[in-house]
Amino acid sequence: MRGWLLLLLCLALPARAETISFRDTEGRTVTLADFAGKLVLLDVWATWCAPCIEELPQIQALHQDLAGKGLAVVALSIDRGGLPKIRWFQQRTGLTGLPVYLDEDREAAAALDVRTLPVAFLFDRAGRLIERFDGPHDWAAERGRLESLLGQ
């Protein structure tokens, strides 16, 4: 059953990730194509989402430990308060080492068919969706799998 669900979710998403765009903290438009050649963990979150806040330290740890091995973490905030709100949140929580991107208009979230938070997407080095994670996830437990995918 899970295989069929994943297939249906994949069909609802763009065929390739490069069509999804958002902004970086400098205001530049970024697409997932900008991360070509990397394994991409795209985590959609918001400062008002308690489960998102709980898993962000694990996601930051993955970024800090695996970025040098080819993992690109894209922490995509859908907050409407913009960069000032995100910076305040990062300072308050100590998550200043997390690469944050903005989707204030929620166009990327719509393209990804985001219906719940948190939600994360794992894309392979060619930009193809490997897996979608709806709801909270234990990212520390996922570390071994990510390291294995990075070793390919």
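For reference, positions follow the sequence shown, starting with 1. Worth saying up front: this structure is predicted, and the values here are computed from it rather than measured.
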Which distance, rounded to the nearest 0.5 Å, do you find between the [atom1] of [X] and the [atom2] of [Y]?
| X | Y | atom1 | atom2 | answer |
| --- | --- | --- | --- | --- |
| Ile20 | Thr31 | CD1 | OG1 | 9.5 Å |
| Lys38 | Leu32 | NZ | CG | 13.0 Å |
| Leu42 | Phe35 | CG | CZ | 9.0 Å |
| Arg80 | Leu102 | CZ | CG | 13.0 Å |
| Asp138 | Phe133 | CG | CZ | 11.0 Å |
| Lys85 | Leu83 | NZ | CG | 13.0 Å |

TODO: From the options Val119, Leu117, Ile59, Leu56, select the one residue that forms a side-chain contact (heavy atoms from CB on, under 4.5 Å) with Trp45.
DONE: Leu56
Any idea which heavy atoms bring [X] and [Y] closest together, and the distance?
| X | Y | value |
| --- | --- | --- |
| Asp103 | Asp105 | OD1-OD1, 3.1 Å |
| Thr96 | Gln91 | CG2-NE2, 3.5 Å |
| Leu150 | Lys69 | CD2-O, 3.6 Å |
| Tyr101 | Val73 | CE1-O, 4.2 Å |
| Cys52 | Val44 | SG-O, 4.5 Å |
| Glu55 | Asp43 | OE2-OD1, 3.3 Å |

Minimum side-chain heavy-atom gap [X]-[Y] below 4.5 Å:
| X | Y | value |
| --- | --- | --- |
| Phe89 | Asp79 | no |
| Trp48 | Ile53 | no |
| Glu104 | Arg23 | yes |
| Ile78 | Val114 | no |
| Pro99 | His63 | yes |
| Phe121 | Val40 | no |

TODO: Please lay out, stage by stage, how Ile130 and Arg145 fare under the test side-chain contact (heavy atoms from CB on, under 4.5 Å).
DONE: CA-CA 12 Å; Ile130 296 173; Arg145 179 175 177 222; 3.5 Å; yes
Open item on the list: Would Glu142 and Leu122 count as a side-chain contact (heavy atoms from CB on, under 4.5 Å) here? Give the steps.
Closed with: CA-CA 11 Å; Glu142 198 72 38; Leu122 185 61; 5.6 Å; no
Open item on the list: Once side chain to side chain donor-acceptor pair (under 3.5 Å) is applied, do any residues pair with Arg143, and if so which ones, sequence neighbours excluded?
Closed with: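 Per chain and number, Arg143 pairs via side chain to side chain donor-acceptor pair (under 3.5 Å) with Asp65, Glu147.
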Task: Step-by-step side-chain contact (heavy atoms from CB on, under 4.5 Å) determination, Leu149 to Leu71 - done: CA-CA 9 Å; Leu149 288 167; Leu71 177 68; over 6 Å; no
Task: CA sep, side-chain torsions, deciding dist, call: Arg87, Thr25, side-chain contact (heavy atoms from CB on, under 4.5 Å) - done: CA-CA 10 Å; Arg87 290 290 186 231; Thr25 56; 3.3 Å; yes
